[in-house]
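Below is one structure; the comments refer to it alone.
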Amino acid sequence: MSGSPAVAQESDRATGGPAIVRPADRLRGEPGLPGDKSISHRALLMAALADGESLIEAAGDGEDVRTTAAIVGRLGVSVERTAEDGRRVSYRVVSPGVDGLTEADGILDCRNSGTTLRLTAGILAGLPAMHVLDGDASLRRRPVARIIEPLRSMGAVLHARRNDSLPPLTVVGHTPLRAIDVTTVVPSAQVKSAILLAGLRADGRTKVREAIATRDHTERMLRARGVPVTREATAGGGVSWSLEGGGRVQAVVERVPADVSAAAFWLVAGAIHPDAELTLRGVGMNPTRRSIVDLLRRMGARIDEEPGPDPDAEGASAMVGPEAGVGEPVADLIVRSSVLTAIDLTPDEVAAAIDEIPVLCLAATQARGRTIIRGAGELRHKESDRIAGVVAGLTALGGRVTVDGDALTIDGPTVLRGAPTASLDDHRLAMTFAVAGLIASGPSTIDRPACATISYPGFFSELERVRA
Ligand code: S3P
C-alpha cells in the first residue's frame, strides 16, 4: 500500500479536481472535528432572537454554518467570527433582539443549506417584513411545502415555486402569529424547529407532535435560554413539544460539542479498517443524535465511550459560561478495528440516524450477512438523492447494494476495489466514498470532493493525517 498523499481540493466546490484516496496501512490518532452543524445553526439563529451579546465557541466552520451567520447579519445583527483551527470558529453576535430585527434589502441566499432555509423561515414568519429565501441548484430541488403549510396556518403568508413546493420561498411575516397544535407529516427536526421558532411569536401555546422522534436541539437550546419547552410522550412511541408564545430568548455564552455526524465517518473508518484505533474528543452525545454509535455497536463495532459532565445534573442548567455547553451531553469515543455483522434498521432508527445512513451503508458492505434499512425514503430529499448516490458509489466500489421502494439491502462482506465515485456534490457522499477508499484494494477517486466543506472543512487533511 502506498503512503502518497490524496489530492484534496476543497477551495472551489464547482471546479476542483477529483480527490484520490489510496488504501491505508493503518489508521491512528485523533482526527479533529468541526463543531456540531445542527447546534451551530441554532445557536446563531437564537442569538439573533436574543437581546444583547451572545458568544458561541467552537461552532462548526463549514459552509452551511457560514451561510446561516451571513443571513443573521443581513437582518440587522452584528456577527463577528474568529477562526479557531480551520474546522471550528467562535462567533460574537450582538442583536437588538427579535423586535429590532430589520428587513433584509435583498434575497437571502441559503446556498446548500436546508436547515438554514427551513429554520430561518420559521423566524421570518413572525416578523412584520417580506423576505425571499433562495439557494443553490440542490436546495432548489428540496421540498418546502412541509414548512409552508404549518406556517401559513399560523397566519404568515408563504409562497414557493412549482405550486408552493420548491424554493425560492417568499415569507411575509405576521405578528402575532396564531398558535397551532400540529402533527408533522414527515419526521423532520427542521420542520418541528421552524414551527417552534414561529411559536415564540404566537398568541397562545404551540404544540408539535411527531410520530417518530427527531433531534431535539431546538428544544434543549431554547430551554437553556430561559424559554420553557414542554415534552410529552405520545401513544405509539411518539413525542410532542410545546411552548407558550411571547417567551424571551436570553443571550448566552456557550460551547458547541463536536459533530457526531462528522465523527461517524471516523467511527466507520475505524471499525472497518483491519488496523485502526482512532480517538474522537468531545463528541455531542444527545440521545436523539447518538444512534450511529449504538447502531455500529449493535453490528459489533468496538467503540469505547468516556462521558463528559452530565448537562442534566442538578444545577447544570443554571450554569452560564463556556462550561455550560448548550444543554448537550458529550463524550470521548475510541473506535478500534472490528468484526461486523449485519443488522435490520426500522424507519424510526433511520430517522434518528438520517445523516449517517450513507456511511452506515458502507459499514454494512463489510458486515457479515444482509443489512436491511427500511423507511429510507427521506434520503431522496437531502443535498442529493442519497439513495441513488450511495447505491451508485458503493456498487462502483464492489459493494452489493439494492433498493426496493424505500428499503436498502446490503449484502456483505465484500472486498472493495478502488474505483471512480461520484459525490453528486453532496458532502456526506463524498466523505463516505473517501472512507471506503481507505480500505479498498487500489486508489479510488471522488469527483467534486470540495463539497465536504459544507459540513467538514479540512476533512481530507484529517484523512491524510490519520493514515500517517
Ligand atoms: C437537521 C435535520 C435533518 C438533517 C439535517 C439537519 C437539523 O433534516 O438531515 O442535516 O439540524 O434540524 P430533516 O429535519 O429534514 O430530517
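It should be emphasised that the depicted structure is a prediction, and the values quoted were computed from it without experimental measurement. Numbering starts at 1 and runs along the sequence shown. Order of appearance sets the numbers: ligands from 1, and atoms from 1 within every ligand.
Not one N or O of Arg428 is nearer than 3.5 Å to an N or O of ligand 1, by distance alone. The shortest N or O to N or O distance between Ser38 and ligand 1 is below 3.5 Å. Residue Ala189 has at least one N or O atom closer than 3.5 Å to an N or O atom of ligand 1.
In terms of protein heavy-atom proximity, atom 10 (O) of ligand 1 is nearest to Asp355 OD2, 2.8 Å.
When the options Arg289, Arg42, Arg220 are evaluated for a salt bridge (Lys or Arg N to Asp or Glu O under 4.0 Å) with Asp36, the one that passes is Arg289.
Side chains of Ser188 and Arg146: a donor-acceptor N/O pair is absent below 3.5 angstrom, by distance only.
Of the candidates Lys192, Arg42, Arg118, Lys382, Arg42 brings a heavy atom nearest to atom 12 (O) of ligand 1.
Salt bridge absent: Asp109 and Arg111 never bring a charged side-chain N and a carboxylate O closer than 4.0 Å. One finds no salt bridge joining Glu356 and Arg428 here, because no Lys/Arg side-chain nitrogen approaches an Asp/Glu carboxylate oxygen to under 4.0 Å.
In this structure, the separation between CD1 on Ile39 and NE2 on His217 is 4.5 Å, given to the nearest 0.5 Å.
Within a 6.0 Å radius of CZ in Arg161, other residues, nucleotides and ligands contribute more than 12 heavy atoms.
By the criterion of a heavy-atom distance under 4.0 Å, the side chain of Arg215, and not its backbone, is placed next to ligand 1.
Residue contact check: Ile354 has heavy atoms under 4.0 Å from atoms 9 (O) of ligand 1.
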